[in-house]
Engineer: 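I'd like to ask some things about the structure below.
For the numbers below, each heavy atom of this structure counts, side chains included, while hydrogens, waters and symmetry mates do not.
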Amino acid sequence: MRQMLKGFMHARLACGCRITFREGVEGSPVVVVVDNKSPQCASTLHVAGLPLFDTRESLRPSTRLGPPEEEEYEEEG
């Protein structure tokens, strides 16, 4: 994992929150965790100790049904 992060183990976001990088699971090699939430941070998504985002779901194909495909039609006239 160190090779992938190139030595970066933590970072500070513009809102003041400190994040750390941890080893992930198959399909998502890195997990970003909010290590310390800043008192000035207004984001409700930043919760200390919880992962900030995980891209595993974005890499999976969608399980939702899409809109029905429209068939070609000809105008009568």
Side-chain angles (χ1 to χ4, degrees):
M1 182 174 118
R2 282 192 166 271
Q3 293 175 348
M4 182 178 297
L5 295 174
K6 299 179 181 177
F8 293 102
M9 298 306 293
H10 59 85
R12 186 163 305 275
L13 300 177
C15 61
C17 292
R18 179 187 159 132
I19 58 172
T20 59
F21 305 102
R22 297 184 183 167
E23 190 170 342
V25 294
E26 182 179 339
S28 182
V30 177
V31 175
V32 178
V33 178
V34 177
D35 187 39
N36 188 5
K37 181 174 173 72
S38 171
Q40 292 86 20
C41 179
S43 176
T44 57
L45 297 174
H46 296 172
V47 179
L50 294 180
L52 188 55
F53 51 84
D54 188 352
T55 59
R56 283 182 299 165
E57 291 186 21
S58 65
L59 298 175
R60 292 186 204 148
S62 175
T63 56
R64 294 182 181 175
L65 296 176
E69 292 186 26
E70 295 182 18
E71 296 179 17
E72 292 184 26
Y73 64 92
E74 295 180 19
E75 292 184 23
E76 294 182 21

Engineer: Can you name the nearest heavy-atom pair linking V34 to H46, along with the distance?
Structural biologist: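 Closest approach of V34 to H46, heavy atoms only: CG2-CA, 4.2 Å.
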
Engineer: Between F21 and F8, which heavy-atom pair has the shortest distance, and what is it?
Structural biologist: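 So the minimum-distance heavy-atom pair works out to CD1-O, 3.7 Å.
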
Engineer: If Ile, Leu, Val, Met, Phe, Trp and Tyr residues are connected whenever their side-chain heavy atoms lie under 4.5 Å apart, and connections chain through other members, are V47 and V33 in the same group?
Structural biologist: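 In one cluster with V47: V33, no.
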
Engineer: Can you tell me how far the CG atom of L13 sits from the OG atom of S43, to the nearest 0.5 Å?
Structural biologist: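 It comes to 9.5 Å.
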
Engineer: Rounded to the nearest 0.5 Å, what separation is found between the NE2 atom of H10 and the CZ atom of R22?
Structural biologist: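 Separation between the atoms: 13.0 Å.
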
Engineer: Measuring from R12:CZ to N36:CG, what's the distance to the nearest 0.5 Å?
Structural biologist: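 Separation between the atoms: 7.0 Å.
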
Engineer: To the closest 0.5 Å, what do you measure between NZ (K37) and CG (L45)?
Structural biologist: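 Output value for this atom pair is 8.5 Å.
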
